[in-house]
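Below you'll find the structure, written out as C-alpha cells, and then a few comments.
Only this structure's heavy atoms are used, side chains among them; waters, hydrogens and symmetry mates stay out. Numbering of residues begins at 1 and proceeds along the displayed sequence.
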Amino acid sequence: MVRGKSDRGDTSVVVVVLETNEVYIVVSLSTAGDTQVICVDPTTGALRHQGKQGEDLFDSEAAALKHITNGSRFLSKSTTYAKAVLGYAVLGSCALLLVATQLSATVPRLPGGGCVYTVVESQWVKIQLQNPQPQGSGELKNIKDLADLDIDGKYYFCETRDITRPFPSRMAIQEPDEEFVWNAWLSRPFKDIGLPGHCVILLQGFAECRNFGATGQQGGLVALIARRSRLHPGTRYLARGLNACSGTGNEVECEQIVWAPQKGGQVIPFNSYIWRRGTIPIWWGAEIKNAVSVEAEIYVADDPYNGTLQYYQRLGRRYGSKSSEVNATSKKKPGMVPIVCVNLLRYAEGKPETILVEHFKESLKYLKSTGKLGNTWIQLINYDWHATVKLKGQQQTVEGLWRHLKAPTMAIGFSEGKYYSVKQQLNECKGSIICNDDGGFCMDNIQNGVVRFNCADSLDRTNAASYFGALQVFVEQCSQLGISLDIDAMFGLSASRNSEYNGRSARSLPPGWEERFDSVTGKSFYIDHNTRTTSWEHPCQEAPHKRWKRFDMTFEQFKSSTMLAPVNHLAEIFLLAGDIHATLYTGSKAMHSEILNIFKEETGKFSKFSAAQNVKITLQRRFHNYMNDSSRQKQFEMFLGLRLYKHLPSIPIFPLKVLSRPSGCMLKPVPCITPMADGGSSLLSFKKKDIVWVCQQGADYVELFIYLGEPCHVSQLLLTVSHGVEDSSYPATVDVRVGSSIDSLKLVVEGACIPQCSNGTNLLIPLTGRIHPEDLAVTGNSARPDVQESTYLPLLYDFEELEGEVNFLNRVVALSFHPSPMARTAITLGEIEVLGVSLPWVDMLTNSKGVAQALELLHEKAYTPCDLALKNIADSSSPGNDVHGSERSYTRSSPSVQPGGSGNFVDFLTGDIDVPNQSKITGNTSFGNEDQTNFFDDEFDVNPFATASEEPVPEVNNHVEDCGSTQFYLEFLESLSQNNKGKSLNFEQMMKLEIKRLYLDLSAAERDRALLSIGVIPATVDPNRSVDYSYLLKLSSLTDKLALLGHSVFEDRANASIGLEKVNSHAVDFWNISENGESCSGGACEVRAVSSLQASATSGNTSLFVECSQCERTACKACCAGKGAFLLLGNTYRDLKIYGGNQGGGYSALADSSVCKSCCNEMIKQALYVDYVRVLHSMRRKGRAEKAALKAVNQVCQLEPNRISDSVHSVQSGLRQLKQLLDDEESLAEFPHASFLHTVETADDSAPLFSLLAPLGSGVHKSYWKAPQGNTSVEFPIVLGGDMG
C-alpha cells in the first residue's frame, strides 16, 4: 500500500529490488511532506541521493515507486515494507540494511510532543554487491552473526525529540549524547549523503508508559525510559566493572517521567526522576570454569581504580544542575553534585562478593585522596540485600532501604516543570526555559545529582531496589502534580470505614491509641490514652503539605494509606524492564522478581513457584553465559562498529564511487559488428550486466574513451567478462590512460593481463597514478644486489614502495583492449566500471557551511610547512584540551602518529586498504569510522599517548633548509654508519634511517637515488633483508598483534572521551622512539638501559621518571619502552578476562603503567620500530592525498584564506542570483558535473580555467580568467553535465 502527499502519517519505508538487482530505499518521513529515493550502488554499496525533483525526490511515495518501476510491478523482484530505517553497512561483497517492520508506540505522546517507538519486529535486507572482495570463512560467519543479533523488543527511538538525555532535552534530535546511541556506525552512510534524519537514532533498553488514576480525580501517566550505555557493551562474564572507556558493564540510565495530560492545549505539568544502575566501577571480572560451576571466580585488577575518577567525573558533568536559580531545593551547598552509590552486594565474611565491597570502599578513599573530584560529592551506602531478606523478610528489607534512601533522595530531588504550547506564555516563566518548535518548557526545578544502584551484575537485586526507591519518588511526583495517591483523598472517608475495599485492614495505630467514630458525622477520631487527648487526624497521618512523608512509614502503613493500583502499574513496568535488561546481559529473564508484587494480596501464593523458577533461570544463565557470551559479545561490538579491523577486516574506510555510470558516457562511439544506437553507452550501464558487445572483426585493438560523471582520482577498473562460445574472444590485456581532459591522458597501466574466465565473472584491476620512469629505474628490482631473491617478501613494510601521481581532477579514462593471440573471433566486451575517490565538490562549492569548513581546512594545509615533517601533533586523546585544540603546533623531531596505523587509511593510489604484510590481513585493516567526504581531517594522524610535556613548538631546522632533505638524509646515514657508506648497519639503525627518511618527506625513489649517488645499494639498508626468513615471520606476526592492540587502545580512548572534557594523557607514548636516539638521564634511573650522559646526572635534572611494571625499578623516559611494549607483555589470559573481555588491550588504554627496555626482549623493541614506520608510511600517503586535494581545489577556485566569511556570503548570494537567472532551471555547464573536453591555454596571472564553470560566487573576489597575451580567439569545448545515459 502506498500513500500520497495528502495523507501523511507515520514514516514509511519501502525497499525495492528490481529484476536488474538494483536496490532502492524509498523513505517518506512523518516529519516531511515529500518522499526521498536512495539508490544503493550495485557495485560498491555506497548510498546515492542528489535531491533532484523527479529523479530521487517526489511529492508522494506512489510517484516515487512508479518512477522506479516504470509503472510496472513486474519489474520488481522483491519489495519490503517497513516503518523505519535502523542502519546500513557495506560488508565487503554484500551490504546489510536494517529496517523495523513492526513498531509499538510504547510512549505515545510525551509532554510537548514526541512518540517513543519500540522495535517489535525487524529485518536485515541483504544486498549482494558486484565488487569482488576476498573474505575468509571467519569474516563471513561474523557477518551472519551480526544479522542474527536479537533486535526485537530491546531497542527504541523517537523521530522528533532527543531522548538520549534527561527529559526535556535542550539539544536537537540530530545532536544526541553519543553514550546512548547504539547505531551511530550504522547510521553514518545516511549522514554522508546529507539525510541524517532518514535513519533513526536507536537506543538499547526499555521504554513504556502506563495510565493511572481513579474515579473522581485527575489521572496521570508514568513512563519509564531506560537507556543502556554503549561505553561498556557486552555480556555478563565479559563486561563487568570498568573498561578502557571508563564505562561499567550493564550500565543503565533510568528515567521516570510523570505528567498530567490536559485537554485543549492547556499547560501540561510534568516531572522526571533520574537514577543509574550498573556494576561496581572498579576494574574487576569474573570467570566460570564450566557450564555447571556453582560460583564464578572473581578477579580484581592490580590497579583496580584506574578510570574510576573519569567515571564519576562523567556522572558529575551529566547530573550537575544546569541552572542554579531553579535549584533552590538542593540541600547541598551550591555547585555540589551528590552521587549516592547504593551497594547491594553481600559483605559477610566468607562471601565471594566481599572483596568487591572492600575495593568499592577503597576506591572512594582513593578518589578523595586525588583531590580531583571537584564539585562531585560521593556517598557509599552498603546494604546487603540478600542477607537482610533472609534475616528480616521482604517487608523489613524494603523499610530499611527507605531509611537509607530518605536523605539522599530528598537532597537530590527531581526535575519539575510545565509545558506551554504557546511560546508567549513562557514570558512569565521564572525558571529556565527550553524551547521547541511550537511552545516550550518552563523548568521550576532541576534534579541535581543521582542515586546509583548496583549488585554484582546490576540485575535482579538492582532492579528490585531501584523500584522501591523510585516508588517513593513516584508518590511524591504525583503529589506535586496534584494527583494524590492517598486512600483518604480517593474515598473522602477513613480507610477503616472502607476496609473491605481491596481486602484491606485498618491502618495500624501506635501503642495506646484507639479509633472511634462520631455518632453525628460518622467521621473517625482518635484517642491517645497515653496523654488522654483526642484528635480528628490519624496519628500516623502527616500534615498534607509535608513532602516525602511516606519515607517514615512502615511497609504496612505505606500499603494501607496508598492507592495500590498505580503502585502495581509501576511494578508491572519495572518487571518488564528487568526482563529486558537481564535478557540483554545474560540471555535469560530476571530472577527474584516476586518481591516487586509485594503489594498484591496474592504475593505469597506463588513463592514456591518463584523459587523453582529462580533455580531454573540460574541454570539457564550459567549455561548460556558459558556457551554464548563470546559470540554475543562479538555481535554487540560489530553492531556498534567496534573492533571492525578484527571482526570485519574487509570493510573499507569509505566505499569508492562508480563514476563511469550516468552521467558518465562514452566520448566516442565504440565500434560494433552490428549498428548500435547508443554508441557503447550500454557498456557503462549496470542494467546491461549481461550485455555481449561484439566489436568489429579483425581489429588489432579496441579503444574506449570514457567521460566520468565527476572528477576523481581513478583507483580501480572493474570488468565483467562477457564472451560468446569461445572464451578467447574476451581481451587478453588492457592499457589504461587517465587525465583531466582528452589531450592530457597519461599511461597508468600497460598490458594488464586479463585471465580467461567464465561468463559473468567480475575482474578488479587496481590502478595507481602515473609512476615516473626515473622512479621505476631506481626503485625495485633494479636497486637490488645481483643475487637471486626468490623468497623475498616485504613482510615488515614495503621498503620499495613506488608512488604514483594523485590527481583528483581526472575526468577521462581511455581503455585499449588487446585480443588474445589465440582469438579466432572478434573481440567481445562486457560491462565496464571505473571506480575512484572524488572530493565533496558540490558541498564545498554550494553549501555555505561546507565552503567555510573546506576553506579553513585547506588554509591550514596550505600553510603547513614541510607537510609530514611538520605534522600536526595535537593530542586527540584529550578532546577539549585547549593546548592541543584549535592551535596547531609542528615539529621536525617527532611527528605524532597513531598506533597500528598502517591500515588506517585508504590507498589513494589503488583504492585499496594498505596491507604491508601480504600474507595476512590481521593488523592492517581499516577503522571504518572516518567520514567519507573528509579528506583533510587529522583525526587519525595523532598519537593517543602524546603528553602536554612533549608538545612541540613551531621550529624549522635551518640546516635542513640549507642543504636540502636529501643531503640531510645522507649525513644522517654517515653518522649511523660512521662514514662506512651504510655497511654493517644493524636492524635498529636501519629502522632509524627509514624513520629519518619519512620525517624528511622523501619518497622511496628519492631515497634510492640519493643512496646510489654515493655508491650504496638500497637493498643493503632494507630491514626486510637484515634478518633471516623465520625470524622475519615471527617479527611480522608480533607487529601485527601490536597493531591490533594499538587499534584497540586508540578506539577506546576515543570512546573514553565521551561525556568528558578531556582524557588524561600518558607519560610515555606508544612507541617512545627518538629520531636520533636518547641517552639515559642518570640520577634516579635504576635501569640504565642506554648509555648515560654525565651531564644528565646532575642534581638539577628534571627528566621524567616512571616505575617499570615488570621489575618495579625506576626508569627515565629514555630507558622506557613505548606503551605498546606494555601491551604486548601484559596481555595474559586473566588480564583479558578482567580488562575488557574480547577487547584485548583495553585496560592499558587508560593505565599509565610503563615497562623498561631491560624487561623487553629484542623482538618487542623491534616490533615497536616496525609499527612506527608502518604508521609513518600511512601518514605519508594521507599527506600526499591532502596535497593533491589542495592542488585540485586551487585549480577550480583559488584559495582565499583571509576572506572565508566573505566567500561564504558570496556563494550564498551567487546561488540566489543563479536561481533567478535560470528561473529554477538547472545549469548543465556547472562544475563538477560539467568539464572541459580539451585543455585551454591560460595566462599565468589568470584565475583557474575551471573557475569559468564553478558555481556563481565561488573563488577569489573580483578574479577572472585570462588567455595568454597575444591570443586573438579562444575555444572552450565543454562536456555538459546531467544524465547522459
Side-chain angles (χ1 to χ4, degrees), residues 11 83-88 98-100 102-110 114-122 149-188 190-191 196-209 223-234 239 245 247-257 272 274-278 314 318 458 573 576-585 635-642 1055 1058-1059:
T11 293
K83 306 292 186 180
V85 176
L86 306 181
Y88 176 80
L98 179 60
V99 295
Q102 188 69 35
L103 301 175
S104 174
T106 48
V107 185
R109 185 173 177 81
L110 289 166
C115 177
V116 179
Y117 294 98
T118 297
V119 179
V120 177
E121 293 180 6
S122 61
L149 178 66
D150 187 11
I151 302 290
D152 303 346
K154 303 170 183 64
Y155 292 82
Y156 62 92
F157 64 89
C158 179
E159 291 183 293
T160 57
R161 299 287 297 272
D162 171 31
I163 57 173
T164 63
R165 296 179 176 87
F167 180 86
S169 171
R170 297 177 179 272
M171 307 304 292
I173 180 68
Q174 292 304 327
E175 298 178 74
D177 188 319
E178 296 177 69
E179 181 180 355
F180 301 100
V181 180
W182 280 72
N183 66 336
W185 174 61
L186 290 170
S187 65
R188 184 170 293 114
F190 294 91
K191 295 180 180 178
H198 286 58
C199 183
V200 299
I201 294 170
L202 198 63
L203 291 82
Q204 187 189 73
F206 177 85
E208 280 204 29
C209 73
L224 175 61
I225 298 178
R227 298 175 274 264
R228 294 178 62 82
S229 171
R230 72 171 183 87
L231 294 184
H232 196 358
C245 302
T248 64
N250 204 17
E251 181 84 4
V252 186
E253 178 185 75
C254 303
E255 181 170 20
Q256 182 172 276
I257 308 172
S272 71
I274 298 284
W275 70 96
R276 297 282 286 223
R277 48 184 289 181
R314 185 181 289 121
R318 185 171 180 87
S458 179
I573 298 177
L576 294 173
D579 284 342
I580 289 294
H581 297 313
T583 302
L584 284 166
Y585 196 51
Q635 285 179 314
F636 285 132
E637 289 178 2
M638 289 188 291
F639 190 78
L640 288 166
L642 299 174
N1055 286 327
I1058 295 174

>> Applying the side chain to side chain donor-acceptor pair (under 3.5 Å) criterion to E251, which one of R276, R230, R227 satisfies it?
In response: R276

Out of curiosity, [X] [atom1] to [Y] [atom2], how far, rounded to the nearest 0.5 Å?
X	Y	atom1	atom2	result
R165	E255	CZ	CD	12.5 Å
Y117	C158	OH	SG	8.5 Å
D162	E175	CG	CD	8.5 Å
L576	F206	CG	CZ	5.0 Å
H581	S458	NE2	OG	8.0 Å
T248	R277	OG1	CZ	11.5 Å

Looking at [Y], is its backbone amide N or carbonyl O close enough to the side chain of [X] to form a donor-acceptor pair, meaning the two atoms are under 3.5 Å apart?
X	Y	value
S104	V120	no
N183	L202	yes
D177	T164	no

>> With a sphere of 6.0 Å drawn around NZ of K83, does it hold more than 12 non-hydrogen atoms of other residues, nucleotides or ligands?
In response: no

>> One pair to check against side chain to side chain contact (heavy atoms under 4.5 Å, CB included): I163 and Y156. What are the steps and the verdict?
In response: CA-CA 10 Å; I163 57 173; Y156 62 92; 3.7 Å; yes

List the atom of [X], the atom of [Y], and the distance in Å for their closest heavy-atom pair.
X	Y	result
I274	P166	CD1-CB, 3.9 Å
G197	Q174	CA-NE2, 3.5 Å
A207	T118	O-OG1, 3.6 Å
F636	P233	CB-CB, 4.4 Å
L231	G247	CB-CA, 4.2 Å
I580	G153	CD1-O, 3.4 Å

> Using 4.0 Å as the upper bound for N to carboxylate O, is an ion pair formed by E179 and R318?
Replying inline: no

>> Ring-plane angle category for Y155 and F639, please: parallel below 30°, perpendicular beyond 60°, tilted otherwise.
In response: tilted

Is any side-chain heavy atom of [X] less than 4.5 Å from a side-chain heavy atom of [Y]?
X	Y	result
K154	W182	no
N250	R228	yes
L86	V200	yes
C209	P108	yes
M638	L149	no
W185	L640	no

> Would N1055 and L642 count as a side chain to side chain contact (heavy atoms under 4.5 Å, CB included) if you check the C-alpha gap in whole Å, the side-chain angles of each, and the deciding distance to 0.1 Å?
Replying inline: CA-CA 10 Å; N1055 286 327; L642 299 174; 3.4 Å; yes

> Checking side chain to side chain contact (heavy atoms under 4.5 Å, CB included) for the pair S122/L98: CA distance, chi angles, key distance, verdict?
Replying inline: CA-CA 7 Å; S122 61; L98 179 60; 4.2 Å; yes

>> If you apply the rule side chain to side chain contact (heavy atoms under 4.5 Å, CB included), what do you find for L103 with F157, and how did you get there?
In response: CA-CA 10 Å; L103 301 175; F157 64 89; 3.7 Å; yes

